[in-house]
Each structure stands twice: as C-alpha cells, then as structure tokens.
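Below, each value reflects all heavy atoms present in this structure, side chains not excepted, and no hydrogens, waters or symmetry copies. Each residue takes its place number in the sequence, starting with 1. Bear in mind the structure is a predicted one, so any value in this text is a computation, not a measurement.
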Amino acid sequence: MLTAAQPQDVAADRDEHLMAATIALGRRQHGLTAPNPAVGALVVRDGVIVGRGATRKGGRPHAETEALAQAGELARGATLYVSLEPCAHFGVTPPCAQATITAGIARVVSALEDPDPRVAGQGHRMMREAGVEVVVGVGAAQARRAHLGHILRVTEGRPQVTLKLAETADGFAAGGPHDRRLHITGIAANNYVQMLRATHDAIMVGIGTVLADDPLLTVRLPGLDDRQPLRVVLDSNLQLPLRSRLVTTAAEVPVLVICAADADATAEAALAQAGIAVVRVARDDDGHLDLAAALHVLAGRGVTRVFSEGGPQVAGRLIGLGLADECILLTAPKPFAREGVASLSETARRELEDGRHYRLVEDGFSGVDRLRRYEHIS
C-alpha cells in the first residue's frame, strides 16, 4: 500500500535537488578559479532561492559571500547550500563561516568537509558553536567529483588529470610516418573537446604530439576567449621547435615546458629567450620524465585540473601509474584500415577496461563519434 511521503523524506529530497543545483553552479567556474576550488552556493528562504554565488575568477570572492551579498537581509533565518565546507581561516578575506554566522543563516547544508588543513572541519564547527544547524554529506559523491582537483592538490600534492584520447574504429590515433595528420572525430566531438579544455587550468601534451601535429592547444569557441589554460609540454630533452605554434604564441597564452634534469642548458636558454618557462624534474627508472614529479610541479603552481591530450605514450603511462583520474575515449565510426599508431598499448587498454581499476560511467555519442568516459577507482 502506498503511503504519503513523510515530511523528513520531502525535506531530504529537497536538499538533494538544491545541492545538485549548487554543485552545478560551481562547476560552471571550472578552469577559472585555481588555485581555489570552484564552489557553488545558494541561499534559500521559504523554498525560494534568494541568493546565488560561485567562486569568481582567480578564486575570489568566494561563493558563500557572493550568495549572501545577493540575498542581503533575506539571508536571516534562511538555509545556505554550499558544495564545500565554508572556510574558517583568515586569508585575503575573512572566513566564509563567520560571514555565514553574521548574515544570520539558520541552517547550512554542506556537501563535503574541506580536506585543506586550514579548514578540515573547523568551518562546520565554528557555525555549529554559533547555533547554526549544520548538515554535512548531502550530494557528497557528486561534490567530490566536482572538487576532485582541489582534493588531490591538498591531499596528494597533484592536480586532477582528465585524459582524452581520439581513435579510429580500428584503434589508431595517428597514421604511419608518411601519412598526413588524421582528423579523426567530427564537429560535435571537436566542440566537446574545446569545452573540456575550457574547464581545466592546464592542457598537457608530450613532445611527440607537438612534433607530429604542431598543435595550438587553445580554446577556440565563441564567448570563451577568457578561458585559455596554461599549455604544458612534457619534453625530456628540450626538442620543442622555436618555430612551433606553441612558442610563437607564448606571449598570448603561456607555455610551460617540463624537461629532464639533464636536458641541454643551451636549448633551455633559447626557449627562455622566446618567453617559454622551463622546469626540470627527475627521470623515472625507464628514463622517461617522472610524471608524478611533473604533476607535483603543476600543483605547486596552483593548477588543480589538467587536461591531457598527450598522445598514446603519455596516455599509457598515466593509466599505468593510476594518475589518470578520468579517461574520455572518443571513437570515430570509420576505420583507418591500414597500419598506424595505436591509441593505446594492449597493456594500457586492458588496464582501462579492467573493472578493478576503472569504472565505465558513460557510454554514448557525441555526434557520430562514440564517447566512453571512465573514472579511476581509488
């Protein structure tokens, strides 16, 4: 027999829906707020949203203060929904937890405790001690995905990595040595990739991709001119050509080259003269750049979200090391039908399709191209 929903069930459903909207609001700022997380906040009074806020470009102001300012006096006695624990420390601005108390908020629904040791539960505690009702954990899984870059940066010293691979129907990412560059995916998938670039702080490729394709690695969609991520090249031996498009446009969009500790000093000087920043890291046991060290460098520069378009070798290593947090595989409907460069090694593909390591969370289409999205199981 069906019974009417209990009041607490209705309230819980309302909290879930409003938190989903809060997280989505913050997610719109991905790629703009580093080194701070892209937080969303809503002030709700009597079932009506009276204030909205999201972390602004550069990380300030914070989402909570934006939402509270918009709500004004209507914040008194209202509920604040926030996708990450309000900060409790004095930085460039006073703590958001204190601003919430001062505004007279009666109830706070927070998706996650912030692992940043400067916060780490202190914001929630500060508000509770002031008599504010605090509910933590609503929409936690969704919020963790949205804030994964921030979480990894403060807990593991590295940014979140989103790996994108495009392949033909028979599994090739490029043609043979004498083939022209392959244009694998269609317009819809290409625009989707542009949107992904816009929501990350950095775009990372290996030197092999640069030498083969001479990419520009910029966001080229109308209305997104202000979203130009840092361009990062993994270049062990400093082979980046001075006439490449990356170098010749470095004054417009910054480029960072990460090379090996033993790379040629003369080549570094030439790149520096051209306006390219160069950072050295150790090699791993196989003689490649230490990818964990490279990501640590990026985190130290405030990068929280990296979009890797680095080609098969970089992709395989990221997957094998468990450093690819999300993998997006775009597969065109047509085969290459001759020998080319495999998009992934057999080992890397097995790892990606092994349910113990990666979880397939989306399987659909972007235009005519199949889109599969995998999340790393941590």
Leu291 side chain reached by Leu234 side chain, heavy atoms, under 4.5 Å: yes
NZ/NE/NH1/NH2 to OD/OE distance under 4.0 Å, Asp262 and Arg280: no
Close side-chain approach of Ile105 to Leu68, heavy-atom, < 4.5 Å: yes
Nearest non-hydrogen partners of Asp369 and Ile184, listed with the distance: OD1-O, 4.3 Å
Over 12 foreign heavy atoms within 6.0 Å of NE2, His296: no
Min side-chain heavy-atom separation Ile328-Glu362 under 4.5 Å: no
Backbone of Arg350 reached by a side-chain donor or acceptor of Glu353 within 3.5 Å: no
Side chain proximity check, Asn237 to Cys259, heavy atoms < 4.5 angstrom: no
Asn36 side chain near Arg60 side chain, heavy-atom distance below 4.5 Å: yes
Minimum heavy-atom distance between Cys327 and Ile319, given as atom pair plus value: SG-CG1, 4.2 Å
Nearest non-hydrogen partners of Pro229 and Val253, listed with the distance: O-CG1, 3.6 Å
Gln313 atom CD, over 12 foreign heavy atoms within 6.0 Å: no
Electrostatic pair Arg107-Asp15, nearest N-O below 4.0 angstrom: yes
Worked verdict on Val134 versus Arg125 for side chain to side chain contact (heavy atoms under 4.5 Å, CB included): CA-CA 9 Å; Val134 178; Arg125 182 168 59 253; over 6 Å; no
Rounded distance (nearest 0.5 Å) linking atom OG1 of Thr102 with atom CZ of Arg76: 9.0 Å
Interatomic spacing from CG in Leu84 to CD in Glu113 - rounded to 0.5 Å: 9.5 Å
Side chain to side chain contact (heavy atoms under 4.5 Å, CB included) between Leu271 and Glu268, worked out: CA-CA 5 Å; Leu271 287 171; Glu268 178 181 356; 5.8 Å; no
Donor-acceptor under 3.5 Å (Arg118 side chain, Cys87 main chain): no
CD1 (Ile187) with more than 12 external heavy atoms under 6.0 Å: no
Pro335 and Thr168, any side-chain heavy atoms less than 4.5 Å apart: no
Verdict with reasoning, Tyr192 to Thr185, per side chain to side chain contact (heavy atoms under 4.5 Å, CB included): CA-CA 10 Å; Tyr192 173 68; Thr185 51; over 6 Å; no
Among Val233, Leu230, Leu217, Leu318, the one residue meeting side-chain contact (heavy atoms from CB on, under 4.5 Å) with Met204: Leu318
Spatial distance of atom CZ (Arg45) from atom OG1 (Thr79) [nearest 0.5 Å]: 10.5 Å
Candidate list Gln160, Arg158, Arg305, test side-chain hydrogen bond (donor to acceptor under 3.5 Å, both in side chains), partner Asp325, passing option: Arg158
Residues Arg128, Glu85: salt bridge by 4.0 Å N-O rule: no
Verify same cluster id: Val278, Leu246 (apolar side-chain graph, 4.5 Å): yes
Derivation of the side chain to side chain contact (heavy atoms under 4.5 Å, CB included) call for Glu309 and Thr209: CA-CA 8 Å; Glu309 298 186 67; Thr209 295; over 6 Å; no
Minimum heavy-atom distance His30-Ala146, with the two atoms named: NE2-O, 2.9 Å
Side-chain donor/acceptor of Tyr358 to backbone N/O of Ala324, under 3.5 Å: yes
Inter- and intrachain pairs under salt bridge (charged side-chain N to carboxylate O under 4.0 Å, His left out), touching residues 233-253, at least two apart: none
Cluster overlap Leu360 with Leu330, hydrophobic side-chain contacts below 4.5 Å: no
Arg227 (side chain) donor-acceptor with Leu32 (main chain) under 3.5 angstrom: no
Backbone of Ala106 reached by a side-chain donor or acceptor of Glu133 within 3.5 Å: no
For Phe307, all residues meeting ring pair (Phe, Tyr, Trp, His ring centres under 6.0 Å), sequence neighbours excluded: His200
Could you give the side-chain donor-acceptor pairs of residues 19-28 under 3.5 Å, partners two or more places apart or in another chain?
{"unit_1": "Thr22", "atom_1": "OG1", "unit_2": "Leu18", "atom_2": "O", "d": "2.8"}

Single-linkage hydrophobic cluster Val303~Leu256, side-chain heavy atoms < 4.5 angstrom: yes
Test item: Arg153 side-chain N/O and Ala299 main-chain N/O as donor-acceptor pair under 3.5 Å: yes
Same cluster (ILVMFWY, side-chain, under 4.5 Å), Leu321 and Val306: yes
Point-to-point distance, once rounded to the nearest 0.5 Å, from CD of Gln239 to OG of Ser244: 12.0 Å
Whether Asp284 side chain and Asp286 backbone form a donor-acceptor pair below 3.5 Å: yes
Backbone of Leu216 reached by a side-chain donor or acceptor of Arg231 within 3.5 Å: yes
Heavy-atom pair of closest approach, residues Met126 and Ile101: O-CD1, 3.7 Å
CZ/Arg56: more than 12 non-hydrogen atoms of other groups inside 6.0 Å: no
Donor-acceptor pair, side chain of Gln70 and main chain of Arg52, under 3.5 angstrom: yes
hydrophobic_cluster_shared for Ile49 and Val109, side chain cutoff 4.5 Å: yes
Gap between atom CD1 of Ile258 and atom CD1 of Ile207 - 0.5 Å precision: 12.5 Å
Glu326 with Arg145: basic N within carboxylate O range, under 4.0 Å: no
Donor + acceptor pair across side chains of Arg349, Ser343 (<3.5 Å): yes
Partner of His150 by side-chain hydrogen bond (donor to acceptor under 3.5 Å, both in side chains), out of Thr304, Asp114, Asp116: Asp114
Side-chain touch Phe336/Glu167, heavy atoms, less than 4.5 angstrom: no
Shortest non-hydrogen contact from Val210 toward Pro215: CA-CD, 3.6 Å
OG-CZ distance between Ser378 and Arg144, expressed to the nearest 0.5 angstrom: 4.5 Å
Minimum side-chain heavy-atom gap Val39-Gln29 below 4.5 Å: no
Donor-acceptor contact below 3.5 Å, side chain Arg14 vs main chain Gly47: no
